[in-house]
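Here it is, the structure, as structure tokens.
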Amino acid sequence: MAHAKKDSAQRTAGRKEAERVGRTNQEIRKLAWTIYRANLGQLTAIALVVGGVQFLFTLISRLVGFPGLWHQVASFVWSTLAFPVVTLGAAHAGLSAWRGERPRVGMLGWAFRAPGRLWGALAVGAAVEGISIAGSAFLSLLRVISWPQAMALTVIVIVGTAITWVSQRLFLVSYLCVSEENVPKPVEALHTSFGSMRGNVWSSIAMSIMAFFRAVFSAFGVLMIVLSIGLTLGAESIMMNASDSVRTLLQNGVSMALFAPLAAYVYVAMAGFADKLLPREPGVSGGGGDSAKHE
């Protein structure tokens with residue numbers, strides 16, 4: 001009897017794993033929309049916190065006015081410190097929602113819930129953000145070098161494409177971190193993501209674009225865009241005498257607040273895409289199958 005139950009459990013786990021890895025991007029987006037609508041309030045709150053943390057750096061940098069190189073340094077430090085919440089926390093919330101859990105704002109504090117997680121998260125964050133900042137700095141350097149115009153444009157396009165490709169190969173890093181009890185070492189996380197994303201770069205880019213368009217061109221998305229434009233124009237007319245910096249900050253704040261509900265859907269859709277690609281230990285069923293409770 002026990003043996004029969006074990007065989008049945010293994011068959012169920014195998015079926016769920018087949019469902020997880022076999023879903024098309026279109027099926028993932030459709031299921032993500034169902035999950036998103038069922039958890040709109042909680043996911044929007046999570047997106048607002050994430051957007052608020054990112055907006056806070058914009059506000060600080062405007063007030064302080066970091067010059068050139070110091071802005072890059074400040075951006076690296078802030079991004080690294082915020083990485084456990086903005087990146088890992090959002091990945092944990094999106095992946096948990098996809099796997100059938102009820103998302104909560106408290107999920108953003110995933111890195112703070114176990115000894116050693118935070119330091120591991122900061123180490124991975126420093127590696128990922130360091131690569132990102134280095135790529136941006138290199139592009140900025142290319143722009144100030146005196147090149148013939150055609151050559152300059154060609155080099156910038158090639159380097160920009162290479163940076164985008166590398167960033168996409170690192171797409172799974174945050175999901176790998178939150179899928180394990182302890183945060184993996186930076187080199188291990190980067191290496192695993194780089195390997196798992198082989199052959200999936202264009203699929204990842206297409207997935208993010210299509211998820212964004214599905215959110216924006218939904219009835220809810222159109223409403224948010226109209227509200228954003230109306231509120232921005234209204235605020236500008238009220239604050240005509242304010243400085244350009246104040247008006248820009250206001251526009252960014254309004255956009256962040258109104259687009260947060262749309263970003264929340266993208267979190268879930270990309271988490272579903274990541275779940276399909278995440279490596280699994282033998283005998284462990286995938287999380288995507290657990291999300292079948294939403295179907």
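When reading the values below, keep in mind they use all heavy atoms of this one structure, side chains included, and skip hydrogens, waters and symmetry mates. None of the values given here were measured: they were computed from a predicted structure.
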Taking the side chain as everything from C-beta on, heavy atoms only, tell me whether Leu277 gets closer than 4.5 Å to Tyr175.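 Heavy-atom side-chain distance check fails, nothing below 4.5 Å.
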
Show the nearest heavy-atom pair for residues Gly135 and Ile163, with the distance to one decimal.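 Taking every non-hydrogen atom into account, O-CD1, 3.3 Å.
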
Classify the ring geometry of His92 against Trp110: parallel below 30°, tilted from 30° to 60°, perpendicular beyond 60°.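 Rings of His92 and Trp110: tilted, 30 to 60°.
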
Would Tyr267 and Val50 satisfy side-chain contact (heavy atoms from CB on, under 4.5 Å), going step by step from the backbone distance to the final call? CA-CA 11 Å; Tyr267 289 167; Val50 171; 3.4 Å; yes

For Pro261, is there any backbone N or O sitting under 3.5 Å from a side-chain donor or acceptor partner on Tyr36?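 Present.
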
Could you pull out all donor-acceptor pairs under 3.5 Å where a side-chain atom in residues 124-132 meets a protein atom, sequence neighbours excluded?
none

Looking only at non-hydrogen atoms, find the nearest pair between Ser179 and Arg99 and report the distance.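 What the structure gives for the nearest pair is OG-NH2, 4.0 Å.
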
Atom pair CG (Asn39) and CG (Leu43), whose distance is rounded to the nearest 0.5 Å: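 Output value for this atom pair is 5.5 Å.
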
Is there a side-chain contact between Gln168 and Ser203 in this structure, where contact means two heavy atoms from C-beta onward sitting under 4.5 Å apart?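 They are not in contact (no side-chain heavy atoms under 4.5 Å apart), so the answer is no.
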
Using modelled atom types only, decide if a donor and an acceptor are shared between the side chain of Tyr265 and the backbone of Arg37 within a distance under 3.5 Å.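 Not at all, since once roles are kept as given, no pair shorter than 3.5 Å links the two residues.
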
Exercise: identify the closest heavy-atom pair between Leu108 and Gly89: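 In this case the closest contact between Leu108 and Gly89 is CD2-C, 3.5 Å.
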
Kindly indicate, with the supporting measurements, whether the criterion side-chain contact (heavy atoms from CB on, under 4.5 Å) is fulfilled by Phe171 and Ser208. CA-CA 11 Å; Phe171 164 72; Ser208 59; over 6 Å; no

Please confirm whether the backbone N or O of Ala271 pairs with a side-chain atom of Asp275, one donor and one acceptor, at under 3.5 Å?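 Pair absent, no side-chain N/O of Asp275 close to backbone of Ala271.
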
Determine, using the 4.5 Å side-chain heavy-atom cutoff (strictly less than), whether Trp78 and Val85 are members of one ILVMFWY cluster.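 They do share one cluster, since a chain of ILVMFWY contacts under 4.5 Å joins Trp78 to Val85.
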
Testing the basics here: between Arg113 and Arg117, what is the closest heavy-atom pair and its distance to 0.1 Å?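 Distance-wise, the nearest heavy atoms are CB-NH1, 3.8 Å.
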
So, using ring-ring contact (aromatic ring centres under 6.0 Å, His included) as the criterion, who are the partners of Phe112 when residues are at least two apart?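 Checked Phe112 against ring-ring contact (aromatic ring centres under 6.0 Å, His included); zero matches.
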
For the hydrophobic clusters of this structure (ILVMFWY residues joined by side-chain heavy atoms under 4.5 Å, transitively), does one cluster hold both Ile158 and Val166?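 Looking at the clustering, Val166 is in a separate group from Ile158.
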
Are Val53 and Met107 co-members of a hydrophobic cluster defined by side-chain heavy atoms under 4.5 Å apart?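 Result: no, two separate clusters.
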
Check: Ala93 main-chain N/O paired with Ser96 side-chain donor or acceptor under 3.5 Å: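 Looks like no, no N/O pair under 3.5 Å.
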
If you compare all heavy atoms of Ser174 against all heavy atoms of Thr87, which two are closest, and at what distance to 0.1 Å?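 Answer, listing the atom of Ser174 first, then Thr87: CB-CG2, 3.7 Å.
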
Side-chain donor or acceptor of Ser204 paired with backbone N/O of Asn200 under 3.5 Å: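 Not confirmed, Ser204 side chain does not pair with Asn200 backbone.
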
Do Leu278 and Met270 share a hydrophobic cluster (ILVMFWY, side-chain heavy atoms under 4.5 Å, transitive)?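 Yes, because Leu278 and Met270 connect within a single hydrophobic cluster, where side-chain heavy atoms sit under 4.5 Å apart.
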
Anything under 3.5 Å between a donor and an acceptor, one on a side chain of residues 189-197, the other on a protein residue two or more places apart or in another chain? List them.
{"from": "Thr192", "atom 1": "OG1", "to": "Glu188", "atom 2": "O", "distance (Å)": "2.8"}
{"from": "Ser193", "atom 1": "OG", "to": "Arg169", "atom 2": "O", "distance (Å)": "2.7"}
{"from": "Ser193", "atom 1": "OG", "to": "Leu172", "atom 2": "N", "distance (Å)": "3.1"}
{"from": "Ser196", "atom 1": "OG", "to": "Thr192", "atom 2": "O", "distance (Å)": "3.0"}

After noting the C-alpha distance and the side-chain angles of Gln42 and Arg104, does the key distance pass the side-chain contact (heavy atoms from CB on, under 4.5 Å) rule? CA-CA 6 Å; Gln42 297 89 339; Arg104 307 179 309 277; 5.9 Å; no

Would you please test Leu262 and Phe212 for side-chain contact (heavy atoms from CB on, under 4.5 Å) and show each step? CA-CA 8 Å; Leu262 308 184; Phe212 172 78; over 6 Å; no

In the single-linkage hydrophobic clustering (I, L, V, M, F, W, Y; side-chain heavy atoms under 4.5 Å), do Val187 and Leu88 co-cluster?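 Looking at the clustering, Leu88 is in a separate group from Val187.
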
